[in-house]
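Counting starts at 1 for both ligands and their atoms, in listed order.
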Amino acid sequence: MQLDDLHKSYGEVPAVRGVTLDVAAGEFFSLLGPSGCGKTTTLRMIAGFETPTSGQVLIDGSDVSRVPPNDRPVNTVFQNYALFPFMSVEDNVAFGLRYQKVPKADAKRKVAEALEMVRMGQFAKRKPGQLSGGQQQRIALARAIVLGPRVLLLDEPLGALDARLRKTLQIELKSIQESLGITFIYVTHDQEEALTMSDRLAVMAGGLVEQVGTPAEVYDAPTTAYVADFLGSANILDVEIVGPASEGRTSVRVGGVTVQCGNRPPDAGEVKLVVRPERLSLEEMTEPSGAIPATVARVVYQGPTTDVIVRLAAGEELVVRRPSERAGQHSPGDTVTVHCREDALRLLPPGALS
Ligand code: ATP
């Protein structure tokens, strides 16, 4: 499935401002971004519920931008399930098959298979009101997959469920997608969900795609400070560039000392120093990029890890995330030295946050 320079404006309000994506058949692809970034509007244009202001939606190579929703090889699973309350589970799942003129016996078999796939076979005769939220969402999923779409669109499908159930269903959804072998386009604002489930994801902001990549690419090599900040946590500092250190590296001043960053600034424009808290250490390491003196400001225990928040010479703060068993010796007021390898220090343009 391809999106080619897709735009959507509501009157004067631009919701999607030029989205181009190439999603491979069978891929689990997520659109990730904060509320209002345009991910639902993008999904609705793929579904056919919205007509693009300009640009194209291509499925299997043909432009479906002006094809009505029912005639697209696409189905959608919504956050609020949208089941018919007065119909049994099996009638809900069979509903769309009526319009495909599927013979009765075939329909019965397909419904049974779809219910088995979502492990809801034993609930076929119940009404939606007699099921939990997680079970209802499984039925909504069965109702969508029974129609055999080429692309399944999921709009925050786990958004209404509690954290533990979300985790279980994340794993199930991923394995259902693998066994069906169809393309999933998954909208979420939950970065952990996008990282754990997706083959690739697009991080969106302000109606545009900031970065596309595998979860590891986007997490480990964000191309903007915005993406680094949105996925996981990141220390983002204004720094003074002192000069190129050597091939592919840069010297910057931070906390009153000079450190080496593992990349060259992308442009002459504004840059930020970005470093993940887990890549910083308060212990000596081999080949550090530099040693930054600091004072411990706060220590925040988080179970397996502890954040030691340190203050640098000019007052900036850095979060240093340590395994809890190694962080216990630090208390507010302690003088420490922050170490880090140069490949953990990245100079990036600000991206959508600016
Ligand atoms: P959320 O996670 O909150 O649904 P989102 O990233 O999916 O956010 P969209 O729902 O696509 O964002 O909305 C993008 C922008 O378009 C927002 O500013 C929103 O207010 C606006 N918008 C969306 N639908 C309409 C509409 N029908 N009429 C006018 N403006 C709209």
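Taking the centre of each ring, Phe184 and Phe29 stay at or above the 6.0 Å mark.
For the residue pair Tyr10 / Glu50, a side-chain donor-acceptor distance below 3.5 Å is found, with atom types taken as modelled. Side-chain atoms of Glu27 and Thr183 form no donor-acceptor pair, as typed in the model, at a separation below 3.5 Å.
Ion pair Lys272/Glu270 flagged as a salt bridge, since at least one NZ, NE, NH1 or NH2 atom sits closer than 4.0 Å to an Asp/Glu carboxylate oxygen.
Among protein residues, Tyr10, Ala15, Pro34, Ser35, Gly36, Cys37, Gly38, Lys39, Thr40, Thr41, Glu156 come within 4.0 Å of ligand 1, judged on heavy atoms.
The cationic atom of Arg276 (NZ for Lys, CZ for Arg) lies less than 6.0 Å from the six-membered ring centre of Tyr219 and within 45° of the ring axis.
Annotation: side-chain hydrogen bond (donor to acceptor under 3.5 Å, both in side chains) contacts of Thr295 (sequence neighbours excluded): none.
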